[in-house]
*Asks:* 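A single structure is presented below for examination.
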There are 2 protein chains.
Amino acid sequence: MASLARDVRPAAQSQRPRGIKTRRAILSRAVALASLEGLEALTIGRLASALRMSKSGLFAHFGSKEELQCSAVEAAREIFVEKVIRPASALSGLRRLRLLCKRWFEYAEARAFPGGCFFSAASLEFDDRPGRVRDRILELMQRWQLLLERTIREAQAAGEVARGIDPRQVAFEIQALAMAANWRSRLFKDRGAFATAHRAILSRIEQIATRERRRR
Amino acid sequence: MASLARDVRPAAQSQRPRGIKTRRAILSRAVALASLEGLEALTIGRLASALRMSKSGLFAHFGSKEELQCSAVEAAREIFVEKVIRPASALSGLRRLRLLCKRWFEYAEARAFPGGCFFSAASLEFDDRPGRVRDRILELMQRWQLLLERTIREAQAAGEVARGIDPRQVAFEIQALAMAANWRSRLFKDRGAFATAHRAILSRIEQIATRERRRR
DNA sequence: CCTACCGATCGGTAGG
DNA sequence: CCTACCGATCGGTAGG
């Protein structure tokens with residue numbers, strides 16, 4: 001799968017503390033910038049001047065632009081896991097599904113990244129741009145899709161969701177509505193889009209729920 | 001509204017036929033390239049060499065990159081109107097809504113633009129990039145949203161759609177599913193995404209239809 | 001529609 | 001982590 005992927009953080013533990021701190025500061029800024037203007041518009045020169053560093057000084061931390069982009073993706077992933085996936089990991093079934101969605105909207109609306117959901121932006125930007133960055137984003141989006149799918153399937157096995165429902169189809173619909181909310185909040189400067197999408201998702205979940213379990 | 005917009009095709013009718021033909025050829029290529037890699041990656045140099053023209057020769061047709069991008073948006077709009085909106089203009093209500101969706105999926109799946117729906121890509125790319133290009137894309141996307149909304153409201157007035165339904169909400173859901181299909185077909189190289197989204201849209205339309213009209 | 005050019009910026013390197 | 005540099009490409013201009 002990731003057979004060509006070199007270690008993303010080479011010998012991080014053995015680096016001097018100063019280097020690690022700088023690296024963290026770089027990636028924090030990189031992720032914020034990329035969420036606003038895209039991973040490709042994230043040029044080494046602009047990032048360096050935003051951090052008051054020399055281009056080559058910053059460059060030395062990564063060795064290539066692609067490596068910088070990949071590192072930014074990993075940094076964003078950690079934030080996503082922290083804010084969206086982990087809080088829901090103790091639950092299961094429909095309660096987990098609802099919490100995943102709730103946390104996703106909080107994460108997107110509270111602008112954990114200043115430009116909205118990092119992965120919505122990145123996966124759209126790289127959907128047709130071959131390379132390691134695309135491969136990794138694709139893998140992460142697939143995992144998110146599979147997590148939703150598996151959660152729905154679990155709920156089905158527990159009798160919370162009607163048997164005729166296709167978990168893949170519903171997972172697709174949830175992802176579609178969430179991404180569209182992110183996009184509309186940016187294009188139309190319409191924060192209400194998040195509420196509209198969340199409402200649509202919750203009522204879709206109600207639809208697939210079995211009668212006896214329809215309330216929690 | 002478009003008070004700052006200069007005329008997009010200045011004195012087109014008085015230009016010599018050769019100039020018009022060249023311009024058309026440029027825009028056709030520009031739109032195709034932009035659908036694949038984005039309106040910003042559409043550089044004058046690359047477009048010129050793809051057309052075996054000099055940079056400055058191509059440049060003379062537009063005067064600025066922004067004008068080239070705006071012209072590409074208009075060219076794409078004409079294709080969209082031709083393929084999606086016009087075919088449905090004779091119908092009304094739910095039949096029109098279904099035909100609009102059907103035509104949209106045909107347009108996206110048959111790759112009227114080689115990279116998929118031009119406007120899905122462009123509106124995502126420019127959702128946070130101020131300027132004339134963004135303003136125009138925003139206007140066109142808003143019109144498309146309003147067309148869907150108005151069609152649903154018409155259907156409601158004709159008794160085809162239940163009174164409790166919010167046309168805005170449903171229009172949002174349709175647009176979300178369509179865009180997500182375009183995105184997934186690119187990221188996952190999964191043409192089946194179109195069918196999944198179309199299915200979701202059609203069953204959503206069935207849900208909002210009143211009992212007596214539920215079949216056509 | 002062309003050649004020839006401009007300053008700015010890109011990703012990246014040499015050498016310290 | 002720096003200065004100083006590389007070739008390539010960007011949008012755009014001069015002049016024909």
Side-chain angles (χ1 to χ4, degrees), chain A residues 6 9-12 14-30 33-34 36-73 125-126 129-134, chain B residues 6 9-12 14-30 33-34 36-73 125-126 129-134:
Chain A
R6 283 170 280 154
R9 192 182 290 196
S14 68
Q15 275 182 312
R16 287 155 306 172
R18 178 65 190 275
I20 295 175
K21 236 180 108 179
T22 305
R23 194 191 146 92
R24 246 198 294 266
I26 293 171
L27 286 178
S28 163
R29 198 69 157 248
L33 256 169
L36 283 167
E37 312 186 10
L39 270 169
E40 206 55 43
L42 178 73
T43 69
I44 294 167
R46 290 181 59 196
L47 184 55
S49 81
L51 289 156
R52 282 171 231 268
M53 287 176 68
S54 69
K55 265 175 58 177
S56 65
L58 189 153
F59 190 83
H61 281 271
F62 304 96
S64 75
K65 185 177 183 183
E66 194 182 43
E67 185 61 39
L68 166 64
Q69 291 172 321
C70 285
S71 301
V73 169
E125 185 180 3
F126 278 83
R129 218 177 279 221
R132 282 174 57 212
V133 182
R134 188 195 120 90
Chain B
R6 282 169 280 156
R9 193 181 290 193
S14 68
Q15 274 182 313
R16 287 155 305 174
R18 178 65 190 277
I20 295 175
K21 237 179 107 181
T22 305
R23 195 190 147 91
R24 246 199 295 266
I26 293 171
L27 287 178
S28 161
R29 199 68 157 250
L33 256 169
L36 283 167
E37 311 187 10
L39 269 169
E40 206 55 44
L42 178 72
T43 69
I44 295 169
R46 289 180 61 195
L47 183 56
S49 82
L51 289 155
R52 281 171 232 267
M53 285 176 69
S54 69
K55 263 174 59 178
S56 65
L58 189 153
F59 191 83
H61 281 271
F62 303 96
S64 74
K65 185 177 183 183
E66 192 181 45
E67 186 61 39
L68 166 64
Q69 291 173 321
C70 285
S71 301
V73 169
E125 186 180 4
F126 278 83
R129 218 177 280 222
R132 282 174 57 212
V133 182
R134 188 196 119 90

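As a basis for the values below, the full set of heavy atoms in this structure was taken, side chains included, without hydrogen atoms, waters or symmetry mates.
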*Asks:* Round to the nearest Å and state the distance from A/Leu39 atom CG to C/dG11 atom C1'.
*Replies:*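 In whole Å, C/dG11 C1' and A/Leu39 CG are 16 Å from each other.
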*Asks:* Is there a side-chain contact between B/Gln69 and B/Arg132 in this structure, where contact means two heavy atoms from C-beta onward sitting under 4.5 Å apart?
*Replies:*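 Result no, sub-4.5 Å side-chain heavy-atom pair not found.
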*Asks:* Base, sugar-phosphate alone, or nothing: which one does B/Ser54 contact when heavy atoms must sit under 4.0 Å apart?
*Replies:*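 Since a base atom lies under 4.0 Å of B/Ser54, the category is base.
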*Asks:* Output the rounded distance in Å from NE2 (B/His61) to C1' (C/dC1).
*Replies:*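 So the two atoms are 7 Å apart, to the nearest Å.
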*Asks:* Which nucleotide sits closest to the side chain of B/Lys55: D/dC1, C/dC1, D/dC10?
*Replies:*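 The closest nucleotide is D/dC10.
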*Asks:* Of A/Glu40 and B/Gly57, whose nearest nucleotide on DNA chain C comes first from the 5' end?
*Replies:*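 Result of the comparison: B/Gly57.
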*Asks:* When you compare the side chain of B/Arg24 with that of B/Ile20, does any pair of heavy atoms fall below 4.5 Å?
*Replies:*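 The answer is yes, as the side chains (C-beta and beyond) meet within the 4.5 Å cut-off.
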*Asks:* Using whole Å, what does the distance between atom P of nucleotide D/dC10 and atom CZ of B/Phe59 come to?
*Replies:*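 That distance rounds to 13 Å.
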*Asks:* Please examine the side chains of A/Lys65 and A/Glu40, heavy atoms only from C-beta on, and report whether any two atoms are closer than 4.5 Å.
*Replies:*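 Yes - at least one pair of side-chain heavy atoms lies under 4.5 Å apart.
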*Asks:* Could you tell me whether A/Thr43 contacts a base, only the sugar-phosphate backbone, or nothing, with contacts defined as non-hydrogen atoms closer than 4.0 Å?
*Replies:*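 Sugar-phosphate, backbone atoms only, no base.
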*Asks:* Between B/Thr22 and C/dC1, is there a side-chain N or O to OP1/OP2 distance below 4.0 Å?
*Replies:*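 For C/dC1, OP1 or OP2 has a side-chain N or O of B/Thr22 closer than 4.0 Å.
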*Asks:* Strictly below 4.0 Å: does A/Ser56 bring a side-chain N or O up to OP1 or OP2 of D/dC1?
*Replies:*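 Checking A/Ser56 against D/dC1: no side-chain N or O falls below 4.0 Å of OP1 or OP2.
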*Asks:* Side chain of A/Met53 only, please: which of C/dG12, D/dC1, C/dC2 is the nearest?
*Replies:*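 Of C/dG12, D/dC1, C/dC2, D/dC1 is nearest to the side chain of A/Met53.
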*Asks:* Tell me: CD of B/Gln69 to C1' of D/dC10, nearest whole Å?
*Replies:*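 Distance, rounded to whole Å: 13 Å.
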*Asks:* Nearest whole angstrom, please: distance from the P of C/dC10 to the CG of A/Leu58.
*Replies:*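 That distance rounds to 12 Å.
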*Asks:* How many whole angstroms separate atom CD1 of A/Ile44 from atom P of C/dC10?
*Replies:*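 Value for this atom pair: 9 Å.
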*Asks:* Using atom CG of B/Leu47 as one end and atom P of D/dG12 as the other, report the distance to the nearest whole Å.
*Replies:*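 Going from CG in B/Leu47 over to P in D/dG12 covers 14 Å.
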*Asks:* Tell me, do A/Val73 and A/Leu39 make a side-chain contact under 4.5 Å, heavy atoms counted?
*Replies:*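 Yes, at least one pair of side-chain atoms sits under 4.5 Å.
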*Asks:* Rounded to the nearest Å, what distance is computed from the CZ atom of residue B/Phe62 to the P atom of nucleotide C/dC1?
*Replies:*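 Spelled out: CZ on B/Phe62 to P on C/dC1 is 10 Å.
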